[in-house]
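Notes follow once the structure below has been shown.
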Amino acid sequence: MDSKYQPLLIEEKIYQYWEKNGYFTAKVNKDKKPFSIILPPPNANADLHMGHAMYVYEDIMIRFHKLIGDEVLWLPGADHAGIETQFVYEKHLKKQGKSRFDFDRETLFKDIWNFVEDNRGKMEKQLKRLGFALDWSRQKYTMDPEIIKIVYETFEKLFKADLVYRAKKLVNYCTYCGTSFSDLEVVYKERVDPLYYMKYGPFILATVRPETKFGDTAVAVHPDDKRYQQSIGKEIEVEGLIGKFKVKVVADTAVDPKFGTGVVKVTPAHDFDDYEISLRHNLPMKQVIDFDGRLNELTGKYQGMRVKAAREQVANDLKNKGWIIKVQEDYTHRVGTCYRCGRVLEPLPKEQWFIKVASLKKKAITLIESGKINIYPSRFKKILTQILDNFYDWNISRQIVWGIRIPAYKCKLKVQSEKLKVEEKWFVSIKKPDKCQICGECDFKQDEDTFDTWFSSAQWPFATLASCSNSKFKVQSSKLNNNVTIKQFNNDFFNYFYPTSVMETGYDIFRAWVSRMIMIGYFTTNQVPFKNVFGHGMVRDRKGQKMSKSKGNVTNPMMMADRYGADALRIALIFETKEGGDLSFAEEKVIGMRNFINKVWNIGRFIFMNLQVKSEKLKIKSLSEKSKVFQNLEKEFKEEKKEYFKYMKSYQFSKALGLIYEFLWHRFADYYIEQLKDKVINGNIEALELLRKIYFGNLKMLHPFAPFVTEAVWQVFNGKQNSILKDSATQFFNF
RNA sequence: GGCCGAUUAGCUCAGUUGGCUAGAGCGCUGCAUUCACAUUGCAGAAGUCGGGGGUUCAAGUCCCUCAUCGGCCACCA
């Protein structure tokens, strides 16, 4: 044994040993209790960051349950991360002086596929570096054919259950990234813009967007506003930059009479509030900005100008006409921006697929409130229910190629198309339909759009498990409440491990991911996707600032593992971290934990060396006198174990680790070994055996937190062909 | 505007049923050390637990209020 624990010489070999001997491989074992976690799939194309290292919580749970004899499954996967990845790829293209528009759909998809494949393996390797006990034989990818098939089936089920519809609605559209987003992906930023007060027919009204004037189809006032009573319901004539036009005056409570002049121009095609007003009053929609971010042919001489330039030009021209009464330069408001590129999003009318969430979210809230799904730490329960409560219909269409193409087909429909509602012109079908049942033609074209990445992610717990069966999974039919027949998953692996035990993620993706998994998971499988949710906090820098590339305060977890060992990094993240709370990461803490790991090693070294001496020189001397020290040590150890199980089972991992840290270092090493040292060196075998027994017990308890050093020492004592994971099960409670 | 979190030693943070002289990591001071470990041991300095009020025999821990910081959410032209 070296006098120092040297992680770099040991960790990789140990991981290979575990993997090769199938310690991470799950199987259906009816004699054991199943315990399963699906790893939140990292982006297939990127390196891991500190946030991913927080999945150590999952490894702790997985290894703990393995040690107490459960049949565990920790299933790894990779996410194609649609927009993220296509965005990275487009930057890559830009460096070569190209853009995505230089390629056709198929070529672009293939190129991105290969680009991702080239980078695949990076994050897998990094997860292994952290010691994660993942079952690699079950690894999944969101672009696997079996997964896509399930995603398609889910979409079809939702469609048949009337929970999917296609409609032309306002969506948040990034004219730079060329795609729409769901409302969850919008990042609101505060901005200071001029607020223009302008003459508008008989009124004066305030707006920050004069360039949308060409798309106005009404003017709105509050129904109780005395100033404008006589105008309500009438049509007014307005002089505009490209000629006179007429709009109706409507009364709507959304208008705040105290803001500005109490009169609002209504531009249904370019503002969410105005769109809502237009629905209430049956107003026409007039789109004047196109998807390229430029004004269109309805804007006369302004056609072709970008929104920002057009705004300045229009404001200027209005001023010259003398129609601008006043400008408030420092008007502060919030605008939606693209979370990818940071540019201002344009609300634009677009025909898209939406999921009706009303019934889904209602059910999801019930599942949480009834305790079918438990949330830890408990304060997240309220947060999650609030998130669900605020859900709007989910726009799942994305205008990018990197993703799962939506299985919807449109046919020519020469005859009746005008009479049909939008969604009735479409066929949702896993395979391309043979023949259109309405017009009899067979000239189908598939929707160009792909699914929002979160649509496939929302299905991850059941999609992964359902596609895990060795034999083809059997299909069972059952009825939905509205008499739609659906297929259900039914294979041994799925049945054994689903619902999964715990979903462990950062609290930052409760909204985008966890809530949707609950909604879609329950809809599809009629069961909860997981019984428990455990949320962890954000890793910040030493000053508590968010880590970000632009700030340059990002710590690479791999670098920490290389310097101090994976164990030290792991426990640095857990030690004295409040569950669910953010943590400030400092290298000094990892150093402190490295020292503890070394202490664990050296306690082993002391015991091991003395055992060697014993067997070499046969200095076996049994002293029947049992000292008080023996009894105290046993008592303290018993107490430690009891506390440990209590903490581990109530998700108080930090406390469990702190307990071992305190016991092993400051009680066991500093006190008891010092007390018994003379006896041990003089050949008291009973003292030595007692120390060994209690040390082994602590190794097992520590193993979920620091798997490498505990296994390394274990093998020093028990031989290279033994594993701390093999021994445990029944003996874990009795050590 | 609403909700949530934070405010404890120089720095970063634990402290979940209220209870013995308030803890850890790192840092700091002094001493020790061929005997498992200097990635060590022993000893020590250091905190009016954000301010104020209240409940209680007893509050960092519960209640009210105020302040500062952070996060999430919200339809205001």
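Protein chains get the first letters and strands the later ones, always in sequence-line order, with residue 1 at the start of each. Please read these numbers as outputs of a predicted model, since none were measured by experiment.
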Classify the side chain of [X] and the base of [N] as holding, or not holding, a donor-acceptor pair under 3.5 Å.
| X | N | value |
| --- | --- | --- |
| A:Asp273 | B:rC76 | no |
| A:Arg542 | B:rU12 | no |
| A:Glu579 | B:rA14 | no |
| A:Lys677 | B:rA36 | yes |
| A:Glu588 | B:rU12 | no |

Expressed as a whole number of Å, how far does the [atom1] atom of [N] sit from that of [M]?
| N | M | atom1 | result |
| --- | --- | --- | --- |
| B:rA67 | B:rC75 | C1' | 31 Å |
| B:rG51 | B:rC69 | C1' | 15 Å |
| B:rU48 | B:rC11 | P | 13 Å |
| B:rG50 | B:rA6 | P | 12 Å |
| B:rC13 | B:rG52 | P | 24 Å |
| B:rA43 | B:rG25 | P | 13 Å |
| B:rG44 | B:rG60 | P | 25 Å |
| B:rG23 | B:rG15 | P | 16 Å |

Can the ring centroids of [X] and [Y] be said to lie less than 6.0 angstrom from one another?
| X | Y | value |
| --- | --- | --- |
| A:Phe653 | A:Phe64 | no |
| A:Phe203 | A:Tyr228 | yes |
| A:Trp323 | A:Tyr200 | no |
| A:Phe606 | A:Tyr695 | no |

Considering only [options], which nucleotide approaches the side chain of [X] most closely?
| X | options | result |
| --- | --- | --- |
| A:Tyr392 | B:rU16, B:rC75, B:rC13 | B:rC75 |
| A:Tyr661 | B:rU40, B:rG25, B:rU39 | B:rG25 |
| A:His666 | B:rC35, B:rU40, B:rG25 | B:rG25 |
| A:Lys655 | B:rG15, B:rA74, B:rC35 | B:rG15 |
| A:Asn598 | B:rC37, B:rG70, B:rC13 | B:rC37 |
| A:Trp665 | B:rA36, B:rC13, B:rU40 | B:rU40 |
| A:Lys578 | B:rU40, B:rG15, B:rC73 | B:rG15 |
| A:Lys599 | B:rG41, B:rC4, B:rG15 | B:rG41 |
| A:Phe606 | B:rG25, B:rA36, B:rU12 | B:rA36 |

Quiz prompt | salt bridge (Lys or Arg N to Asp or Glu O under 4.0 Å) partner of A:Asp216, the single match among A:Lys265, A:Lys248, A:Lys286 | solution = A:Lys265
To the nearest Å, give me how far apart [atom1] ([X]) and [atom2] ([N]) are.
| X | N | atom1 | atom2 | result |
| --- | --- | --- | --- | --- |
| A:Phe596 | B:rG25 | CZ | P | 11 Å |
| A:Phe510 | B:rC72 | CZ | P | 14 Å |
| A:Asp541 | B:rC11 | CG | C1' | 13 Å |
| A:Lys381 | B:rG5 | NZ | C1' | 19 Å |
| A:Leu583 | B:rG15 | CG | P | 13 Å |
| A:Arg540 | B:rG5 | CZ | P | 15 Å |
| A:Ile603 | B:rU39 | CD1 | P | 17 Å |
| A:Leu664 | B:rA24 | CG | C1' | 16 Å |

Could you please name the partner base of [N], counting Watson-Crick and G-U wobble pairs only when both distances are under 3.5 Å?
| N | value |
| --- | --- |
| B:rA59 | none |
| B:rA74 | none |
| B:rG44 | B:rC28 |
| B:rC69 | B:rG5 |
| B:rU34 | none |

Have a look at [X] and say if it touches a base, only the backbone sugar-phosphate, or nothing, with a 4.0 Å heavy-atom cut-off.
| X | answer |
| --- | --- |
| A:Phe585 | nothing |
| A:Ala669 | base |
| A:Asp670 | sugar-phosphate |
| A:Glu662 | nothing |
| A:Ile673 | base |
| A:Gln386 | sugar-phosphate |
| A:Arg209 | nothing |

Tell me whether the side-chain N/O atoms of [X] come closer than 4.0 Å to OP1 or OP2 in [N].
| X | N | result |
| --- | --- | --- |
| A:Asn390 | B:rA74 | no |
| A:Arg511 | B:rC73 | yes |
| A:Ser3 | B:rA36 | no |
| A:Lys382 | B:rC4 | yes |

Exercise. Decide ring pair (Phe, Tyr, Trp, His ring centres under 6.0 Å) for A:Phe575 and A:Phe596; before the verdict, give the C-alpha distance in whole Å, the side-chain angles of both, and the deciding distance to 0.1 Å.
Key: CA-CA 11 Å; A:Phe575 191 72; A:Phe596 172 62; 7.7 Å; no
Quiz item: On RNA chain B, nearest-nucleotide positions of A:Arg605 versus A:Val255: which is more 5'?
Solution: A:Arg605
Quiz item: More 5' along RNA chain B: A:Asp183 or A:Leu195, using each one's nearest nucleotide?
Solution: A:Asp183
Practice problem: Check the side chains of A:Glu579 and A:Tyr57 for a donor-acceptor pair under 3.5 angstrom, ignoring hydrogens and angles. | Solution: no
Exercise. Please indicate whether A:Lys319 has more than 12 foreign heavy atoms, meaning atoms of other residues, nucleotides or ligands, lying under 6.0 Å from its NZ.
Key: yes
Exercise. Take A:Arg542 and A:Glu588 through the salt bridge (Lys or Arg N to Asp or Glu O under 4.0 Å) test and state the conclusion after the steps.
Key: CA-CA 10 Å; A:Arg542 62 169 65 239; A:Glu588 287 78 7; 2.9 Å; yes
Self-check item: Heavy-atom side-chain proximity of A:Gln287 to A:Leu348 below 4.5 angstrom
Solution: yes
